[in-house]
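Basis for what follows: all heavy atoms, side chains included, without hydrogens, waters or symmetry-related copies.
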Amino acid sequence: MSMFVTAARPRWEIFCQVVDNFGDIGVCWRLARDLARRDTGQVRLWVDDWGALERICPAVAQLDAATGCTVDGVVLRRWDAAFAASTPGKVVIEAFACELPAAQLEAMAAQWPPPVWINLEYLSAEDWVAGCHAMASPHPRLPLVKHFFFPGFDEGTGGLLRELDLLARRDAFVARPEGLAAWLAARGIDGGGDALRVSLFAYEQPELPALFECWRHGARDLLVLVPESRVLGDVARALDRGALKAGDRVERGRLAVQVLPFTDQIGYDELLWACDLNFVRGEDSFVRAQWAARPFVWQIYPQSQAAHHDKLDAFLARYLHGVSDPAAQALAGFWRAWNACAHDADGVAAAWPAFAAALPALSAHAQHWCTQQAARADLATTLTEFCFHSPHAAR
(Lines give C-alpha, C1' and ligand atoms only; values in the text may rest on other atoms or scores of the structure.)
Protein backbone atom coordinates (compact mmCIF):
# COMPACT_ATOMS: atom_id res chain seq x y z
CA MET A 1 0.00 0.00 0.00
CA SER A 2 1.18 3.51 -0.78
CA MET A 3 2.35 5.70 2.08
CA PHE A 4 1.09 8.77 0.18
CA VAL A 5 -2.61 8.42 1.01
CA THR A 6 -3.24 11.38 3.25
CA ALA A 7 -4.98 13.50 0.61
CA ALA A 8 -7.63 12.86 -2.00
CA ARG A 9 -6.10 11.65 -5.21
CA PRO A 10 -6.74 14.14 -8.04
CA ARG A 11 -7.71 12.79 -11.43
CA TRP A 12 -5.30 15.10 -13.25
CA GLU A 13 -2.07 16.67 -12.02
CA ILE A 14 -0.08 19.09 -14.19
CA PHE A 15 3.41 20.42 -13.50
CA CYS A 16 4.37 23.66 -15.26
CA GLN A 17 7.81 25.26 -15.20
CA VAL A 18 7.74 28.73 -16.74
CA VAL A 19 10.81 29.00 -18.96
CA ASP A 20 10.12 32.28 -20.78
CA ASN A 21 7.19 34.49 -21.70
CA PHE A 22 3.68 33.08 -21.26
CA GLY A 23 3.53 30.11 -23.64
CA ASP A 24 4.17 27.36 -21.08
CA ILE A 25 1.82 28.71 -18.45
CA GLY A 26 -0.70 29.77 -21.09
CA VAL A 27 -1.06 26.24 -22.45
CA CYS A 28 -1.09 24.63 -18.99
CA TRP A 29 -3.67 27.02 -17.56
CA ARG A 30 -5.98 26.58 -20.56
CA LEU A 31 -5.62 22.80 -20.43
CA ALA A 32 -6.22 22.63 -16.67
CA ARG A 33 -9.38 24.74 -16.94
CA ASP A 34 -10.61 22.71 -19.89
CA LEU A 35 -10.12 19.41 -18.05
CA ALA A 36 -11.78 20.79 -14.92
CA ARG A 37 -14.88 21.79 -16.88
CA ARG A 38 -15.21 18.32 -18.41
CA ASP A 39 -14.51 16.10 -15.42
CA THR A 40 -15.95 15.54 -11.96
CA GLY A 41 -12.45 14.60 -10.76
CA GLN A 42 -10.03 17.13 -9.34
CA VAL A 43 -7.44 18.95 -11.48
CA ARG A 44 -4.30 20.21 -9.73
CA LEU A 45 -1.81 22.55 -11.39
CA TRP A 46 1.67 23.16 -9.98
CA VAL A 47 3.36 26.38 -11.16
CA ASP A 48 6.86 27.53 -10.29
CA ASP A 49 6.36 31.18 -11.36
CA TRP A 50 3.33 32.58 -9.54
CA GLY A 51 3.85 36.01 -11.07
CA ALA A 52 3.49 34.65 -14.61
CA LEU A 53 0.29 32.85 -13.60
CA GLU A 54 -1.07 36.02 -12.03
CA ARG A 55 -0.69 37.92 -15.31
CA ILE A 56 -3.08 35.60 -17.16
CA CYS A 57 -5.20 34.71 -14.11
CA PRO A 58 -5.51 37.91 -12.03
CA ALA A 59 -7.73 36.15 -9.47
CA VAL A 60 -4.73 34.42 -7.88
CA ALA A 61 -3.40 37.76 -6.68
CA GLN A 62 -6.09 37.74 -3.99
CA LEU A 63 -5.46 34.15 -2.91
CA ASP A 64 -2.92 32.34 -0.76
CA ALA A 65 -0.15 30.94 -2.96
CA ALA A 66 1.53 29.20 -0.03
CA THR A 67 -1.33 26.86 0.82
CA GLY A 68 -2.94 26.62 -2.60
CA CYS A 69 -6.18 27.94 -3.96
CA THR A 70 -8.92 26.99 -6.40
CA VAL A 71 -9.83 29.03 -9.48
CA ASP A 72 -12.26 27.88 -12.19
CA GLY A 73 -12.30 24.42 -10.66
CA VAL A 74 -8.49 24.05 -10.75
CA VAL A 75 -6.48 23.59 -7.56
CA LEU A 76 -3.44 25.85 -7.96
CA ARG A 77 -0.27 25.11 -6.02
CA ARG A 78 3.13 26.77 -5.97
CA TRP A 79 6.00 24.54 -7.05
CA ASP A 80 9.10 25.67 -5.17
CA ALA A 81 12.44 24.24 -4.13
CA ALA A 82 10.99 22.96 -0.86
CA PHE A 83 8.50 20.74 -2.70
CA ALA A 84 6.91 18.11 -0.46
CA ALA A 85 5.38 15.03 -2.08
CA SER A 86 1.61 14.77 -2.15
CA THR A 87 -0.77 12.08 -3.31
CA PRO A 88 -0.13 11.89 -7.06
CA GLY A 89 -2.87 12.29 -9.60
CA LYS A 90 -4.22 9.35 -11.57
CA VAL A 91 -2.63 11.14 -14.52
CA VAL A 92 0.54 13.17 -13.98
CA ILE A 93 1.46 15.57 -16.80
CA GLU A 94 4.88 17.14 -16.96
CA ALA A 95 4.54 20.00 -19.40
CA PHE A 96 7.21 20.54 -22.04
CA ALA A 97 9.84 18.23 -20.55
CA CYS A 98 10.02 19.92 -17.18
CA GLU A 99 11.56 17.52 -14.66
CA LEU A 100 9.20 16.31 -11.97
CA PRO A 101 10.39 16.74 -8.37
CA ALA A 102 12.25 13.65 -7.16
CA ALA A 103 9.93 13.35 -4.17
CA GLN A 104 6.88 13.25 -6.42
CA LEU A 105 8.43 10.59 -8.63
CA GLU A 106 8.96 8.44 -5.55
CA ALA A 107 5.36 9.04 -4.52
CA MET A 108 4.19 8.02 -7.98
CA ALA A 109 6.23 4.80 -7.82
CA ALA A 110 4.75 3.98 -4.42
CA GLN A 111 1.18 4.42 -5.68
CA TRP A 112 -0.84 1.43 -6.87
CA PRO A 113 -1.92 1.48 -9.54
CA PRO A 114 0.82 3.86 -10.69
CA PRO A 115 -0.24 7.06 -12.43
CA VAL A 116 -0.31 7.44 -16.18
CA TRP A 117 2.73 9.66 -16.70
CA ILE A 118 2.55 12.06 -19.66
CA ASN A 119 5.21 14.36 -21.08
CA LEU A 120 3.15 16.98 -22.93
CA GLU A 121 5.36 18.16 -25.77
CA TYR A 122 5.51 21.41 -27.72
CA LEU A 123 3.32 21.76 -30.79
CA SER A 124 4.96 21.14 -34.15
CA ALA A 125 3.76 20.49 -37.70
CA GLU A 126 6.87 18.50 -38.62
CA ASP A 127 6.34 15.09 -40.23
CA TRP A 128 8.17 13.15 -37.51
CA VAL A 129 5.67 14.15 -34.81
CA ALA A 130 3.07 11.49 -35.61
CA GLY A 131 5.72 8.77 -35.41
CA CYS A 132 6.81 9.87 -31.93
CA HIS A 133 3.36 10.52 -30.51
CA ALA A 134 2.48 8.21 -27.57
CA MET A 135 5.96 6.64 -27.46
CA ALA A 136 6.81 4.99 -24.13
CA SER A 137 9.92 5.65 -22.06
CA PRO A 138 10.42 3.47 -18.94
CA HIS A 139 12.08 5.12 -15.97
CA PRO A 140 15.61 3.72 -15.52
CA ARG A 141 15.10 2.99 -11.82
CA LEU A 142 11.46 3.26 -10.78
CA PRO A 143 8.50 1.13 -11.93
CA LEU A 144 7.09 3.99 -14.00
CA VAL A 145 6.60 4.54 -17.72
CA LYS A 146 6.40 7.97 -19.32
CA HIS A 147 4.54 8.54 -22.59
CA PHE A 148 5.34 11.42 -24.94
CA PHE A 149 2.17 13.19 -26.02
CA PHE A 150 2.37 15.53 -29.00
CA PRO A 151 -0.28 18.09 -29.94
CA GLY A 152 -0.56 18.32 -33.69
CA PHE A 153 -2.52 18.91 -36.85
CA ASP A 154 -3.44 15.41 -38.03
CA GLU A 155 -5.04 12.21 -36.80
CA GLY A 156 -1.75 10.69 -35.72
CA THR A 157 -1.24 13.29 -32.98
CA GLY A 158 -2.96 14.60 -29.86
CA GLY A 159 -4.80 17.41 -31.67
CA LEU A 160 -5.06 21.04 -30.61
CA LEU A 161 -6.20 22.60 -27.36
CA ARG A 162 -9.84 23.63 -27.85
CA GLU A 163 -12.59 24.01 -25.26
CA LEU A 164 -15.88 22.36 -26.16
CA ASP A 165 -17.75 25.68 -26.36
CA LEU A 166 -14.97 27.82 -27.85
CA LEU A 167 -16.21 28.10 -31.42
CA ALA A 168 -19.80 28.68 -30.28
CA ARG A 169 -18.62 31.55 -28.08
CA ARG A 170 -16.62 32.98 -30.96
CA ASP A 171 -19.59 32.78 -33.33
CA ALA A 172 -21.89 34.45 -30.81
CA PHE A 173 -19.38 37.28 -30.37
CA VAL A 174 -18.96 37.80 -34.11
CA ALA A 175 -22.70 37.59 -34.85
CA ARG A 176 -23.53 40.68 -32.79
CA PRO A 177 -22.08 43.82 -34.41
CA GLU A 178 -23.44 45.89 -31.53
CA GLY A 179 -21.56 43.54 -29.20
CA LEU A 180 -18.30 44.30 -30.99
CA ALA A 181 -18.98 48.04 -30.78
CA ALA A 182 -19.61 47.70 -27.06
CA TRP A 183 -16.46 45.61 -26.63
CA LEU A 184 -14.37 48.28 -28.33
CA ALA A 185 -16.02 51.10 -26.41
CA ALA A 186 -15.47 49.34 -23.08
CA ARG A 187 -11.76 49.38 -23.80
CA GLY A 188 -11.69 52.98 -24.94
CA ILE A 189 -11.05 51.97 -28.55
CA ASP A 190 -12.29 54.11 -31.41
CA GLY A 191 -13.18 51.41 -33.95
CA GLY A 192 -11.97 53.53 -36.82
CA GLY A 193 -14.89 52.95 -39.17
CA ASP A 194 -13.60 50.92 -42.12
CA ALA A 195 -10.04 50.68 -40.80
CA LEU A 196 -8.37 47.29 -40.91
CA ARG A 197 -8.22 46.20 -37.27
CA VAL A 198 -4.94 44.47 -36.44
CA SER A 199 -3.81 42.95 -33.15
CA LEU A 200 -0.04 42.91 -32.55
CA PHE A 201 1.28 40.48 -29.94
CA ALA A 202 4.94 39.80 -30.64
CA TYR A 203 8.48 39.37 -29.43
CA GLU A 204 11.00 42.06 -30.29
CA GLN A 205 10.73 43.05 -33.97
CA PRO A 206 13.43 45.27 -35.49
CA GLU A 207 11.50 45.44 -38.79
CA LEU A 208 8.59 47.28 -37.18
CA PRO A 209 9.63 50.87 -38.05
CA ALA A 210 9.75 50.03 -41.78
CA LEU A 211 6.36 48.28 -41.60
CA PHE A 212 4.75 51.16 -39.69
CA GLU A 213 6.08 53.59 -42.29
CA CYS A 214 4.47 51.46 -44.99
CA TRP A 215 1.17 51.41 -43.09
CA ARG A 216 1.35 55.14 -42.45
CA HIS A 217 1.37 55.89 -46.18
CA GLY A 218 -0.78 52.94 -47.29
CA ALA A 219 -4.01 52.79 -49.26
CA ARG A 220 -6.17 51.89 -46.24
CA ASP A 221 -6.57 53.07 -42.67
CA LEU A 222 -5.16 50.66 -40.08
CA LEU A 223 -5.96 50.44 -36.38
CA VAL A 224 -3.26 48.45 -34.59
CA LEU A 225 -4.14 47.20 -31.11
CA VAL A 226 -1.05 46.29 -29.09
CA PRO A 227 -1.44 44.38 -25.80
CA GLU A 228 1.42 45.07 -23.43
CA SER A 229 4.23 42.70 -24.41
CA ARG A 230 7.89 42.57 -25.37
CA VAL A 231 7.24 44.32 -28.69
CA LEU A 232 6.12 47.54 -27.01
CA GLY A 233 9.62 49.06 -27.08
CA ASP A 234 9.85 48.52 -30.83
CA VAL A 235 6.38 50.03 -31.25
CA ALA A 236 7.55 53.17 -29.43
CA ARG A 237 10.68 53.32 -31.59
CA ALA A 238 8.62 52.87 -34.76
CA LEU A 239 6.38 55.77 -33.71
CA ASP A 240 9.35 57.91 -32.61
CA ARG A 241 7.89 58.09 -29.12
CA GLY A 242 9.09 57.61 -25.60
CA ALA A 243 7.86 54.74 -23.47
CA LEU A 244 4.28 53.70 -24.16
CA LYS A 245 1.73 52.49 -21.65
CA ALA A 246 -1.74 50.99 -21.69
CA GLY A 247 -4.30 53.53 -22.89
CA ASP A 248 -1.90 55.46 -25.13
CA ARG A 249 -3.05 56.14 -28.69
CA VAL A 250 -0.76 57.49 -31.40
CA GLU A 251 -1.78 58.43 -34.94
CA ARG A 252 0.57 58.72 -37.89
CA GLY A 253 -1.02 59.30 -41.30
CA ARG A 254 -3.32 56.36 -42.06
CA LEU A 255 -2.01 54.43 -39.07
CA ALA A 256 -3.48 54.55 -35.57
CA VAL A 257 -1.85 52.54 -32.76
CA GLN A 258 -3.49 51.93 -29.39
CA VAL A 259 -1.86 50.16 -26.45
CA LEU A 260 -4.04 47.76 -24.47
CA PRO A 261 -3.37 46.40 -21.00
CA PHE A 262 -2.17 42.82 -20.69
CA THR A 263 -5.31 40.71 -20.52
CA ASP A 264 -6.50 37.36 -19.23
CA GLN A 265 -7.06 34.53 -21.69
CA ILE A 266 -10.75 35.16 -22.28
CA GLY A 267 -10.03 38.80 -23.05
CA TYR A 268 -7.27 37.81 -25.45
CA ASP A 269 -9.58 35.47 -27.35
CA GLU A 270 -12.05 38.32 -27.74
CA LEU A 271 -9.30 40.59 -29.04
CA LEU A 272 -8.51 38.04 -31.76
CA TRP A 273 -12.20 37.77 -32.68
CA ALA A 274 -12.52 41.57 -32.84
CA CYS A 275 -9.68 42.01 -35.35
CA ASP A 276 -9.35 41.38 -39.08
CA LEU A 277 -5.69 40.33 -38.88
CA ASN A 278 -3.78 38.99 -35.90
CA PHE A 279 -0.04 38.95 -35.26
CA VAL A 280 0.72 36.20 -32.75
CA ARG A 281 3.76 34.50 -31.27
CA GLY A 282 4.94 31.27 -29.66
CA GLU A 283 2.40 28.48 -29.15
CA ASP A 284 -0.63 29.55 -27.12
CA SER A 285 -1.60 32.65 -29.12
CA PHE A 286 -0.66 30.79 -32.34
CA VAL A 287 -3.33 28.15 -31.67
CA ARG A 288 -5.92 30.69 -30.53
CA ALA A 289 -5.42 32.66 -33.76
CA GLN A 290 -6.32 29.54 -35.73
CA TRP A 291 -9.56 29.11 -33.77
CA ALA A 292 -10.36 32.78 -34.42
CA ALA A 293 -10.65 31.86 -38.13
CA ARG A 294 -8.98 35.11 -39.19
CA PRO A 295 -5.82 35.69 -41.24
CA PHE A 296 -2.81 35.76 -38.93
CA VAL A 297 0.95 36.17 -38.88
CA TRP A 298 2.99 33.82 -36.70
CA GLN A 299 6.24 34.84 -35.04
CA ILE A 300 7.75 31.52 -34.04
CA TYR A 301 9.85 31.27 -30.89
CA PRO A 302 13.52 31.69 -31.95
CA GLN A 303 15.82 28.69 -31.53
CA SER A 304 19.57 28.27 -31.90
CA GLN A 305 20.96 27.62 -35.38
CA ALA A 306 17.65 28.88 -36.83
CA ALA A 307 15.98 25.51 -36.16
CA HIS A 308 12.68 27.37 -35.83
CA HIS A 309 12.75 28.19 -39.54
CA ASP A 310 12.29 24.49 -40.35
CA LYS A 311 9.34 24.37 -37.97
CA LEU A 312 7.87 27.46 -39.62
CA ASP A 313 8.20 25.93 -43.08
CA ALA A 314 6.63 22.67 -41.87
CA PHE A 315 3.53 24.53 -40.72
CA LEU A 316 3.40 26.64 -43.88
CA ALA A 317 3.41 23.47 -45.99
CA ARG A 318 0.39 22.15 -44.09
CA TYR A 319 -1.47 25.41 -43.71
CA LEU A 320 -1.15 26.55 -47.31
CA HIS A 321 -2.17 23.25 -48.91
CA GLY A 322 -4.88 24.05 -51.46
CA VAL A 323 -4.38 27.83 -51.30
CA SER A 324 -3.96 29.59 -54.66
CA ASP A 325 -0.34 30.25 -55.62
CA PRO A 326 -0.49 34.07 -55.37
CA ALA A 327 -2.09 34.04 -51.92
CA ALA A 328 0.18 31.25 -50.68
CA GLN A 329 3.30 33.02 -51.90
CA ALA A 330 2.16 36.31 -50.37
CA LEU A 331 1.55 34.75 -46.95
CA ALA A 332 4.72 32.68 -46.95
CA GLY A 333 6.78 35.66 -48.07
CA PHE A 334 5.45 37.92 -45.36
CA TRP A 335 5.73 35.30 -42.61
CA ARG A 336 9.32 34.49 -43.55
CA ALA A 337 10.23 38.16 -43.61
CA TRP A 338 8.54 38.66 -40.22
CA ASN A 339 10.66 35.78 -38.87
CA ALA A 340 13.88 37.07 -40.46
CA CYS A 341 14.43 34.07 -42.70
CA ALA A 342 17.67 34.74 -44.59
CA HIS A 343 16.26 34.10 -48.06
CA ASP A 344 13.73 36.94 -47.65
CA ALA A 345 16.14 39.85 -47.49
CA ASP A 346 13.68 42.48 -48.77
CA GLY A 347 11.95 42.68 -45.37
CA VAL A 348 8.39 42.96 -44.14
CA ALA A 349 7.61 46.36 -45.69
CA ALA A 350 8.38 45.04 -49.17
CA ALA A 351 6.31 41.90 -48.49
CA TRP A 352 3.29 43.75 -47.09
CA PRO A 353 1.49 44.93 -50.29
CA ALA A 354 1.14 41.42 -51.73
CA PHE A 355 0.08 40.07 -48.34
CA ALA A 356 -2.50 42.84 -47.89
CA ALA A 357 -3.91 42.16 -51.37
CA ALA A 358 -4.27 38.46 -50.49
CA LEU A 359 -6.19 39.04 -47.25
CA PRO A 360 -9.67 38.35 -48.70
CA ALA A 361 -8.53 34.97 -50.03
CA LEU A 362 -6.63 34.24 -46.81
CA SER A 363 -9.71 35.11 -44.75
CA ALA A 364 -11.72 32.43 -46.56
CA HIS A 365 -8.88 29.96 -46.11
CA ALA A 366 -8.59 30.73 -42.38
CA GLN A 367 -12.23 29.76 -41.93
CA HIS A 368 -11.75 26.58 -43.97
CA TRP A 369 -8.64 25.61 -41.99
CA CYS A 370 -10.44 26.20 -38.69
CA THR A 371 -13.33 23.97 -39.80
CA GLN A 372 -10.91 21.23 -40.83
CA GLN A 373 -9.09 21.27 -37.50
CA ALA A 374 -12.32 21.44 -35.51
CA ALA A 375 -13.42 18.18 -37.12
CA ARG A 376 -10.53 16.45 -35.32
CA ALA A 377 -10.48 15.48 -31.66
CA ASP A 378 -9.13 18.20 -29.37
CA LEU A 379 -6.24 17.82 -26.94
CA ALA A 380 -8.30 17.25 -23.77
CA THR A 381 -10.36 14.59 -25.56
CA THR A 382 -7.34 12.70 -26.87
CA LEU A 383 -5.64 12.87 -23.48
CA THR A 384 -8.73 11.49 -21.76
CA GLU A 385 -9.04 8.69 -24.31
CA PHE A 386 -5.37 7.77 -24.00
CA CYS A 387 -5.20 7.94 -20.21
CA PHE A 388 -8.52 6.34 -19.26
CA HIS A 389 -9.76 4.31 -22.23
CA SER A 390 -6.67 2.63 -23.66
CA PRO A 391 -4.17 -0.02 -22.54
CA HIS A 392 -2.34 2.75 -20.66
CA ALA A 393 -5.49 3.71 -18.76
CA ALA A 394 -5.42 4.95 -15.18
CA ARG A 395 -7.30 2.56 -12.90
Side-chain angles (χ1 to χ4, degrees), residues 4-18 22-50 52-54 56-60 62-80 83-96 98 100-101 104-105 107-108 111 113-121 146-147 149 151 158-166 264-266 269 283-284 287 377-390 392-395:
F4 300 97
V5 295
T6 57
R9 189 179 189 188
R11 191 175 196 202
W12 302 92
E13 183 165 44
I14 304 172
F15 284 81
C16 176
Q17 193 170 53
V18 180
F22 297 95
D24 296 337
I25 185 58
V27 171
C28 291
W29 178 226
R30 285 194 196 274
L31 177 61
R33 290 167 62 223
D34 194 11
L35 292 169
R37 291 183 64 186
R38 300 181 191 217
D39 280 291
T40 55
Q42 186 185 92
V43 180
R44 184 165 66 205
L45 173 61
W46 295 90
V47 181
D48 70 334
D49 187 340
W50 209 254
L53 175 62
E54 185 179 324
I56 61 172
C57 178
V60 304
Q62 309 301 320
L63 302 171
D64 188 352
T67 59
C69 53
T70 300
V71 178
D72 290 348
V74 179
V75 177
L76 296 167
R77 298 291 301 275
R78 181 175 295 215
W79 175 10
D80 55 29
F83 183 92
S86 60
T87 305
K90 293 181 180 180
V91 178
V92 177
I93 300 173
E94 58 177 32
F96 313 122
C98 70
L100 296 181
Q104 195 69 355
L105 280 172
M108 289 162 60
Q111 191 83 45
V116 177
W117 180 13
I118 298 291
N119 178 11
L120 180 64
E121 290 283 356
K146 174 164 58 178
H147 288 87
F149 209 87
L160 300 176
L161 187 53
R162 182 184 81 249
E163 303 90 324
L164 293 175
D165 66 343
L166 175 64
D264 63 10
Q265 291 183 325
I266 293 174
D269 284 336
E283 180 169 329
D284 183 54
V287 172
D378 64 89
L379 182 60
T381 296
T382 59
L383 273 169
T384 301
E385 179 66 27
F386 182 84
C387 296
F388 292 96
H389 306 291
S390 76
H392 320 284
R395 294 179 285 275

Practice problem: Find the distance between CD (E13) and CD (E94) and round it off to the nearest 0.5 Å. | Solution: 11.5 Å
Quiz item: With side chains defined as the heavy atoms from C-beta onward, is the minimum distance between V71 and R33 less than 4.5 Å?
Solution: no
Self-check item: Derivation and outcome, side-chain contact (heavy atoms from CB on, under 4.5 Å), residues Q111 and T87
Solution: CA-CA 8 Å; Q111 191 83 45; T87 305; 4.0 Å; yes
Quiz prompt | Shortest non-hydrogen contact between T384 and H389, atoms and distance | solution = O-CD2, 3.7 Å
Quiz prompt | Any F388 side-chain heavy atom under 4.5 Å of V91 side chain | solution = yes
Self-check item: For C98 against F15, the heavy-atom pair lying closest together
Solution: SG-O, 3.5 Å
Quiz item: If you measure from SG on C16 to CG on L53, what distance do you get to the nearest 0.5 Å?
Solution: 8.5 Å
Quiz item: Is there a side-chain contact between C28 and F96, using heavy atoms and a 4.5 Å cut-off?
Solution: yes
Quiz prompt | Side chains of W46 and L100 in contact at under 4.5 Å (non-hydrogen atoms) | solution = no
Quiz prompt | R37 atom CZ, neighbour heavy-atom count above 12 within 6.0 Å | solution = no
Quiz item: Roughly how far, to the nearest 0.5 Å, is the CD atom of Q265 from the CH2 atom of W29?
Solution: 8.0 Å
Exercise. Find the distance between CZ (R77) and OG1 (T70) and round it off to the nearest 0.5 Å.
Key: 10.0 Å
Quiz item: Passes side-chain contact (heavy atoms from CB on, under 4.5 Å), D284 versus I25? Steps please.
Solution: CA-CA 9 Å; D284 183 54; I25 185 58; over 6 Å; no
Self-check item: For P88 against P115, the heavy-atom pair lying closest together
Solution: CB-CG, 4.0 Å
Practice problem: Report the residues that fulfil salt bridge (Lys or Arg N to Asp or Glu O under 4.0 Å) with D269, sequence neighbours left out, ordered by chain and then residue number. | Solution: R30, R288
Exercise. Check whether any side-chain heavy atom of D49 lies under 4.5 Å from a side-chain heavy atom of D24, and answer yes or no.
Key: no
Quiz item: Will you find, in the side chains of S86 and R44, an N or O donor that is under 3.5 Å from an N or O acceptor?
Solution: yes
Quiz item: Tell me, do P10 and V75 make a side-chain contact under 4.5 Å, heavy atoms counted?
Solution: no
Practice problem: Identify, with sequence neighbours excluded, every residue that meets side-chain contact (heavy atoms from CB on, under 4.5 Å) alongside E54. | Solution: V60, A61
Exercise. Using side-chain contact (heavy atoms from CB on, under 4.5 Å) as the criterion, point out the one residue from L31, V92, V43 that pairs with W12.
Key: V43
Quiz item: Hey, are the side chains of D34 and L379 touching, using non-hydrogen atoms and a 4.5 Å cut-off?
Solution: no
Quiz item: Measuring from L35:CG to C387:SG, what's the distance to the nearest 0.5 Å?
Solution: 9.0 Å
Exercise. Mind checking side-chain contact (heavy atoms from CB on, under 4.5 Å) for D48 and listing every partner two or more places apart, or none if nothing turns up?
Key: Q17, V18, W79
Quiz item: Is there side-chain contact between D264 and P58, with at least one heavy-atom pair below 4.5 Å?
Solution: yes
Quiz item: Distance-only, no hydrogens or angles: does the D72 side chain make a donor-acceptor pair with backbone N or O of V74 under 3.5 Å?
Solution: no
